[in-house]
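Here's the structure we're looking at; comments come further down.
Note that the structure is a prediction, hence the values are computed from the model and not measured. Proteins come first, then strands; the chains are lettered A, B, ... in the order of their sequence lines, and each starts at number 1.
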Number of protein chains: 2
Amino acid sequence: MLKRTYAVSRPEQAAVRRLGSLARLTEHDLHKIEQAAADAHFLPARTEIVREGAEPAKPTLLLRGWVAQQRILPDGRRQIAGFTLAGELFGRNWSCQERALTSQVALDDIVLCAAPEAQPGSGLFEAYERERLAQRLQLIDNITRLGRMDARERVCDLLLELLERLQRSGEAEGNTFAMPLTQECFADALGLTPVHLNRTLQACRRSGDLSWRSGKVTLHDPIGLARSLGRRSNRL
Amino acid sequence: MLKRTYAVSRPEQAAVRRLGSLARLTEHDLHKIEQAAADAHFLPARTEIVREGAEPAKPTLLLRGWVAQQRILPDGRRQIAGFTLAGELFGRNWSCQERALTSQVALDDIVLCAAPEAQPGSGLFEAYERERLAQRLQLIDNITRLGRMDARERVCDLLLELLERLQRSGEAEGNTFAMPLTQECFADALGLTPVHLNRTLQACRRSGDLSWRSGKVTLHDPIGLARSLGRRSNRL
DNA sequence: CGCAAACTTGATATCTTTCAACGCGGGTGG
DNA sequence: CCACCCGCGTTGAAAGATATCAAGTTTGCG
């Protein structure tokens with residue numbers, strides 16, 4: 001109860017935790033984050049923040065909710081290339097980028113603000129660099145999932161990644177986290193059909209790997225699961 | 001004949017063409033590339049240049065041949081996340097990177113050299129930024145391929161990407177290019193089995209989309225093929 | 001010429017998709 | 001308050017795509 005109030009009154013909490021876990025932040029850095037978060041914007045679920053091919057978003061800090069990077073093929077197939085979670089960054093990373101490589105879509109009701117500028121050499125700057133590196137790692141992990149894992153492995157591997165990221169920004173409670181995604185979205189991230197994902201999830205539940213009820217996911221033994229998948233963690 | 005001799009005596013040619021197509025290079029930039037290429041190294045096919053998790057490679061210019069970024073799962077499955085072609089860059093992109101995210105493997109006999117340093121603001125610096133952006137685009141394209149395309153679409157889409165890149169660095173002749181990859185490698189990039197890739201290639205040949213004989217690939221109608229796949233090109 | 005690696009083929013098993021229907025629950029208007 | 005509706009999850013049966021296994025066949029090269 002108290003905790004919830006605290007979180008609401010400090011919308012930048014997840015971002016501070018995440019960036020602080022990537023690099024040592026000074027008081028000055030923290031102040032800049034707080035200042036940026038003071039000018040936050042709310043967007044409802046399903047908002048398309050950026051459309052693929054259009055002007056890319058400026059560097060943005062996601063304070064609350066989840067955002068997906070997605071592509072739509074001409075015949076309507078959708079692929080989600082990655083997620084941005086509360087506390088993480090998205091948006092243009094390179095000065096020369098003229099067009100967004102993917103659409104950015106709010107999967108949830110979200111709150112975001114402009115990412116504060118960082119001077120080279122500052123802790124914040126280093127955190128941004130590590131964040132970009134983490135994004136690259138996630139893309140490569142996704143390629144490995146889609147290319148060489150079967151449905152059960154894809155489901156577990158992605159849930160492990162999400163748990164790890166949410167723990168880093170303090171958004172998980174133990175091995176449980178709030179899952180705002182619809183099964184259809186999750187399937188589009190995993191390259192599966194909603195129907196097949198549904199059956200795969202049931203198999204995972206029956207084998208005791210996870211539970212997913214009323215928007216909460218619990219991984220019952222993340223460490224053992226990661227080992228059985230051959231997934232290495234914390235590789236930054 | 002003359003052309004071949006010329007290429008051998010100027011090993012940096014592909015790199016100059018590619019980087020020059022990404023940004024306007026000054027005489028000074030060209031000179032730096034030439035200088036870097038003067039200290040080139042040869043590595044035979046199958047050399048593992050960097051192992052995943054080890055110290056990442058320094059920024060490197062690939063002057064000749066192809067390099068793959070690959071992951072090996074504990075049970076031996078392999079996924080190729082992307083390729084570096086002659087004229088392109090690979091290696092550490094971020095100052096904070098301590099471990100390589102993938103192995104780097106020579107698919108071919110290759111020649112490489114250290115990438116010349118670039119001052120912020122120079123044409124070379126901009127070319128490097130665009131190169132990183134192109135790499136990110138390729139990763140996302142790969143995710144879309146693996147997640148939402150069937151075998152025939154994956155094959156054609158990747159070959160179109162390769163043709164486009166090779167044309168940019170002057171390594172293609174019209175719609176034909178030298179393909180140093182074994183079908184097994186190609187399958188590992190596409191998330192397919194070698195057997196299934198083989199059958200898919202035969203179907204593509206029969207339908208007149210491509211020919212692939214003795215290490216040469218020709219796409220008979222790249223533009224029409226790209227359109228039929230819904231693939232947009234030159235998005236940088 | 002002969003070997004080894006790469007490519008090809010056929011038969012079969014497994015995984016995943018497709019299609020169509022049903023159930024459940026939460027919101028909404030009557 | 002209840003009936004209705006809609007989005008989401010679930011189920012079954014059948015079709016389609018891809019993997020697996022095991023054997024040839026070709027190719028390049030010493």
Extract, from 5' to 3' on DNA chain D, the first and final nucleotides lying under 4.0 angstrom from some heavy atom of chain A.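 In short, chain A contacts DNA chain D from dC8(D) to dA13(D).
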Do other residues, nucleotides or ligands put more than 12 heavy atoms under 6.0 Å from Glu184(B) CD?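 Result for CD/Glu184(B): open.
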> Within a radius of less than 6.0 Å around CZ of Arg51(A), do more than 12 heavy atoms belonging to other residues, nucleotides or ligands occur?
Replying inline: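 No, not enclosed.
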Base, sugar-phosphate, or nothing: which does Thr193(A) touch, judged by heavy atoms less than 4.0 Å apart?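 Contact class for Thr193(A): base.
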Categorize Gly191(A) for me: base, sugar-phosphate, or nothing, with a 4.0 angstrom heavy-atom threshold over every strand shown.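 If one applies the 4.0 Å heavy-atom cut-off, Gly191(A) turns out to touch the sugar-phosphate alone, with no base involved.
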Please report, rounded to the nearest Å, how far the [atom2] atom of [N] is from the [atom1] atom of [X].
{"X": "Asp150(A)", "N": "dT14(C)", "atom1": "CG", "atom2": "P", "value": "14 Å"}
{"X": "Gln183(B)", "N": "dT9(C)", "atom1": "CD", "atom2": "P", "value": "10 Å"}
{"X": "His196(B)", "N": "dG10(C)", "atom1": "NE2", "atom2": "C1'", "value": "15 Å"}
{"X": "Phe186(B)", "N": "dT8(C)", "atom1": "CZ", "atom2": "P", "value": "13 Å"}
{"X": "Arg77(A)", "N": "dT18(C)", "atom1": "CZ", "atom2": "P", "value": "9 Å"}
{"X": "Leu192(B)", "N": "dT14(C)", "atom1": "CG", "atom2": "C1'", "value": "16 Å"}

Discussion item. Minimum heavy-atom separation for Thr84(A) and Arg165(A), please, with both atom names.
Written reply: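 Heavy-atom minimum between the residues: CA-NH2, 4.1 Å.
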Determine whether the side chains of Gln104(A) and Glu48(A) contain a donor N or O and an acceptor N or O closer than 3.5 Å.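 Judged by distance alone, the side chains do not pair up.
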*asked:* Between the base of dT18(C) and the side chain of Arg199(A), is there a donor and acceptor pair under 3.5 angstrom?
replied: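 Answer is yes: a donor-acceptor pair is held.
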>> Both Arg148(A) and Asn198(A) contact DNA chain D. Taking the nearest nucleotide for each, which residue is further toward the 5' end?
In response: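 Looking at DNA chain D, the more 5' nearest nucleotide goes with Asn198(A).
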Margin query: Nearest heavy atom decides the nucleotide; on that basis, is Trp212(B) or Gly147(B) closer to the 5' end of DNA chain C?
Written below: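 It is Trp212(B) whose nearest nucleotide is closer to the 5' end.
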Please determine whether a side-chain nitrogen of the Lys or Arg among [X] and [Y] lies less than 4.0 Å from a carboxylate oxygen of the Asp or Glu.
{"X": "Arg145(A)", "Y": "Glu153(A)", "answer": "no"}
{"X": "Arg64(B)", "Y": "Asp109(B)", "answer": "no"}
{"X": "Arg77(B)", "Y": "Asp188(B)", "answer": "no"}

